[in-house]
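The shown structure was predicted, so the numbers you read here are calculated from the model rather than taken from an experiment. Side chains included, hydrogens not; waters and symmetry mates left out as well; all remaining heavy atoms used.
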Amino acid sequence: MYFMKKRLLTILFSWAISLSYGQSFQVKDLAKSVGFWEGELTYLDYGGGQLLAQRPNEMHRIAKIKVDPKQLDLYKSLLNEQMLAAIKLEPGVLSYTVVADKKDASSMTIFEVYANQEAYQSHILTAHFKKYKAAVKDMVLSLELIDVDLIINTKKENMYQI
């Protein structure tokens, strides 16, 4: 039965992405319509990777940060220290991805994933986060926080293996 569910969802998803760009859909809605949404998480195989319908309580946030270019190296060191501590010590902090603008390395975007809103609220009360915020307060020129919904996350299963 599991294989049949998985295959049907794969077919439904393949159909959904073949829709014109003007139409929208949600994997969860497609799965619910055929009675296969389990409420927690649905994986679909597609094109050698996995497509993921968001866990209902996960929190995804984008942080756009502009840092004083003169303090960029120190800022990145402090950010890395905070993120490593959060990943190691907090089960509800699931991942961080940090990228910098190629034309302006002091403009960064961080994609943050938390197990839920409570995990995020707990995170900002930790000693390591408070230490980071205090240390970088004069380095950060601007900060924009944007809460987002995950639509699709796809990656190769072995993408980091050489």
Determine all donor-acceptor pairs shorter than 3.5 Å in which one atom belongs to a side chain in residues 74-92; sequence neighbours excluded.
residue	atom	partner	partner atom	Å
Tyr75	OH	Tyr132	OH	2.7
Glu81	OE2	Lys131	NZ	2.9
Glu90	OE1	His123	ND1	3.3
Glu90	OE2	His123	ND1	2.9
Glu90	OE2	His128	NE2	2.6

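- Residues meeting the side-chain hydrogen bond (donor to acceptor under 3.5 Å, both in side chains) test with Asp68, sequence neighbours left out: Gln71.
- Between Tyr114 and Leu94, the closest side-chain pair of non-hydrogen atoms is not below 4.5 Å.
- Taken to the nearest 0.5 Å, the NE2 atom of His60 stands 7.0 Å off from the OG atom of Ser95.
- Put simply, Leu72 and Val99 are part of two different groups of oily side chains (I, L, V, M, F, W, Y) that touch within less than 4.5 Å, one to the next.
- Residues that satisfy the side chain to side chain contact (heavy atoms under 4.5 Å, CB included) test with Glu118, not counting sequence neighbours, are Asn116.
- Residues Ile110 and Thr97 fail the side-chain proximity criterion, which asks for heavy atoms closer than 4.5 Å.
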Less than 3.5 Å apart, which donor and acceptor atoms pair up between the side chains of residues 137-148 and the rest of the protein, not counting sequence neighbours?
residue	atom	partner	partner atom	Å
Asp147	OD1	Arg61	NE	2.8
Asp147	OD1	Arg61	NH2	2.9
Asp147	OD2	Arg61	NH2	3.3

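- The closest side-chain heavy-atom distance from Val113 to Met59 is not below 4.5 Å.
- Here the NZ-CG distance, from Lys130 to Leu125, works out to 5.5 Å after rounding to the nearest 0.5 Å.
- Taking the salt bridge (Lys or Arg N to Asp or Glu O under 4.0 Å) definition, one finds that Asp104 meets it with Lys66, sequence neighbours left out.
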